[in-house]
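Labels below follow one simple rule: chain letters A, B, ... track the order of the sequence lines, proteins then strands, and each chain is numbered from 1. All of these numbers come straight from a predicted model, not from anything done at the bench.
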There are 2 protein chains.
Amino acid sequence: MRHRLKDVAERAGVSVKTVSNVVNGYQHVRPDTRARVEQAIAELNYRPNLSARNLRKGRTGVIALAVPELDIPYFAELARHVVSAAADHGWTVLIDQTGGGPEQERKAARGIGDHLIDGLIFSPLALSADDLTGLHGTPMVLLGERVDHAPADHVMVDNVAAARETTAHLISLGRRRIAAIGSQRTAEGASARLRLAGYAEALTDAGIGYDERLVAPAPAWHRADGAAAIRHLLATGVRPDAVFCFNDTLALGALRALHEAGLRVPADVAVAGFDDIEDGRFSIPTLTTVAPDKERIARLAVELLAGRLDGDRDAPPRELVAPHRLALRESAPAHP
Amino acid sequence: MRHRLKDVAERAGVSVKTVSNVVNGYQHVRPDTRARVEQAIAELNYRPNLSARNLRKGRTGVIALAVPELDIPYFAELARHVVSAAADHGWTVLIDQTGGGPEQERKAARGIGDHLIDGLIFSPLALSADDLTGLHGTPMVLLGERVDHAPADHVMVDNVAAARETTAHLISLGRRRIAAIGSQRTAEGASARLRLAGYAEALTDAGIGYDERLVAPAPAWHRADGAAAIRHLLATGVRPDAVFCFNDTLALGALRALHEAGLRVPADVAVAGFDDIEDGRFSIPTLTTVAPDKERIARLAVELLAGRLDGDRDAPPRELVAPHRLALRESAPAHP
DNA sequence: ATCGTTGCTTACAACGTTGTAGAAACCAGG
DNA sequence: CCTGGTTTCTACAACGTTGTAAGCAACGAT
């Protein structure tokens, strides 16, 4: 029941190529011919075979966005913006959830990219620059932290500055025992490393010593990890008066665990997150957080990709920084 | 820099087809030939062109999951399960965020499906059965409420029963003025209609009158809509002692608005949601909700799709019901 | 030596589309 | 009615892959 150009052509009494011309909006087709063809297309419910078109043209009009986990709302929100930005270029976006493992990410970077899609916007978690080298079959734009010397365009936010500003804000509230949640030892944790660095810088700037006991690791950055980290801190007798979580889901988990421990936020403990996800605007209390300009990140990524597709594929990689701001809400408000 | 079978063949000194045979694991290839070919493949970093393969074979090994919004965590969580279930079949899942508009959904149902992917798991929001008829170019499995007479397989949960049980639970807590949030007038709102019906049934069963003023519409089912609905109810002088929200994000918004109004949950107002999203396990208070078995939904959907792909494409549509349970948490606990 | 048999390899065509180049139809001006 | 230019249409090849059928060795059995 699936029809081809040939079927339409026979029905309309024209050549296959003429139908193709109609489908592609080619200028020089007589109005009555066009009408006949269009009617045949409608009658047969014809739709072009994208694989064949792609094989011939080398373009599908589809790009992919590969993210570690859609459960992390940051990526879901980012996805919406990418879909919207890509629509302006006439692209369809398909989203590939890699799961964050190195093998799956490698597969996403090579596998999906292979000819089915025109380009890839990729937010890697586990892959390093080495892993990515030589994989760029299709044009690729990386999101997130800089992967040093990665052979691809890049859109990032200034993680160090954002973390420093956030920590500085907590300090300005008079807090001194500021915990950090979300550090990671693995090679993967580029974000974690940068945010930790910003945190440490702010402490140094304020003349506060870096206390390792206040830094809690988190294997993943889910709510459960944030809650577990708080419980661990409290169980070991560490009593922070503020917590900087490396993302918002960690912070929401932290809020919950603090609540369960009978601690008030922000009175006893101020809490700040990173990402500005929707949840944080409705949590109790609402969440102070770093708000990266997701819309801008998405638009820059799509534009970089468009540049690669239309222009020079071998131009040196470009690196763009998207702005961020600090969204002050109840969990660590503007003034004490 | 992209290589084809032909390049590998020349390098290995064999025919194109032999390389193809090696790539596809065909039996009768001499070990030394195979080794030569594999080395050439590795040296050239060859990877097959999926479009060409698809054109020839009619299969890509890629299926799509089309959902309205990934921002709604339910869909994000569902996506994870679908990706995982599909992996067992050797499929890659690409996710298409439709945005929920009728035009985009129609496009998703026809457009993406066109030859680039082997099958589609589709969670429609706006489309009716009529819209879907005749669109099933690729095999399709529908998720969510039954779309009457849709010409496709279907996986659903018993919305009416789930809503009735939840409302009954609120009644068993001694609540009598139970609001419902999330009703929709549009044709789209199949879920809304069914959940409202279950709510009404439970009231009738308990001999409680249906009070229209307690039923608040919500254009979308986001947190902001839930919060707005509560504010609207309170502003109009309606004082519910319980709220049944048609999904969890509505409920989270409701929790926030109740908090802002100085009402305690569950002491003053009990709250229940629908979907069992991760957020609800960490919100303050934690959220009582209908927990559909998402893992099962995903697995059933993938299996139905597998059946279509391997078997009879014209078999009559099947309809499967996935189980659900009521997850009792702080916002409307087990006993008063 | 001859004849299958089996194992391995290859040439060719086809999947549905579009770019190229050129043929046919049309039109205006002489 | 012809000429030359433009518009409209068509035949053919090609994109990279795999199924088909057939070719070519090498082998043991006759």
- Output, in order, the C-alpha distance, side-chain angles, deciding distance and verdict of salt bridge (charged side-chain N to carboxylate O under 4.0 Å, His left out) for A:E43 and A:R11. CA-CA 9 Å; A:E43 285 169 5; A:R11 190 174 187 99; 2.4 Å; yes
- Message: Quick check against the 3.5 Å criterion: does B:H81 have a side-chain atom that pairs as donor or acceptor with the backbone of B:E77?
- Response: yes
- To the nearest 0.5 Å, atom CG of B:L5 lies from atom NZ of B:K17 at 10.0 Å
Atom [atom1] of [X] to atom [atom2] of [N]: distance rounded to whole Å?
X	N	atom1	atom2	answer
B:R53	D:dG16	CZ	P	14 Å
A:R59	C:dG19	CZ	P	12 Å
A:L5	C:dG19	CG	P	12 Å
A:Y26	C:dT17	OH	C1'	17 Å
B:L55	C:dC15	CG	P	9 Å
B:Q27	C:dT9	CD	C1'	16 Å

- Do A:H154 and A:L320 touch side chain to side chain, with heavy atoms closer than 4.5 Å? no
Proximity to the side chain of [X] - top-ranked nucleotide from [options]:
X	options	value
B:N49	C:dT9, D:dG16, D:dC9	D:dG16
A:S15	C:dT9, D:dT10, D:dG16	D:dT10
A:S20	C:dT10, C:dC8, C:dT18	C:dT18
A:V14	D:dC9, C:dC8, D:dT10	D:dT10
B:R4	D:dG16, C:dG16, D:dT18	D:dG16
A:T18	C:dT17, D:dT10, C:dT9	D:dT10

- Item | Under the side-chain contact (heavy atoms from CB on, under 4.5 Å) test, residues paired with B:R53 that sit two or more places apart | B:V23, B:N24, B:P48, B:L50, B:K57
- Would you say B:Y46 reaches D:dT17's phosphate, i.e. side-chain N/O to OP1/OP2 under 4.0 Å? yes
- Query: Just to confirm, is there a sub-4.0 Å distance from OP1 or OP2 of C:dC15 to any side-chain nitrogen or oxygen of A:S51?
  - Reply: no
- Query: Which atoms form the tightest heavy-atom contact between B:T18 and B:T33, and what is the distance?
  - Reply: CG2-CG2, 4.1 Å
- Item | Parallel, tilted or perpendicular: ring planes of B:H28 versus B:Y26, cut at 30 and 60 degrees | perpendicular
- Message: Can you build the contact string for nucleotides 19-27 of chain D? Use B for base contact, S for sugar-phosphate-only contact, and - for no protein heavy atom under 4.0 Å.
- Response: BB-------
- Where each residue is assigned the nucleotide of DNA chain C containing its nearest heavy atom, which of B:A52 and B:R34 is assigned the position nearer the 5′ end? B:R34
- Result for 5'-nearest mapping on DNA chain C, choosing between A:V19 and A:R30, is A:V19
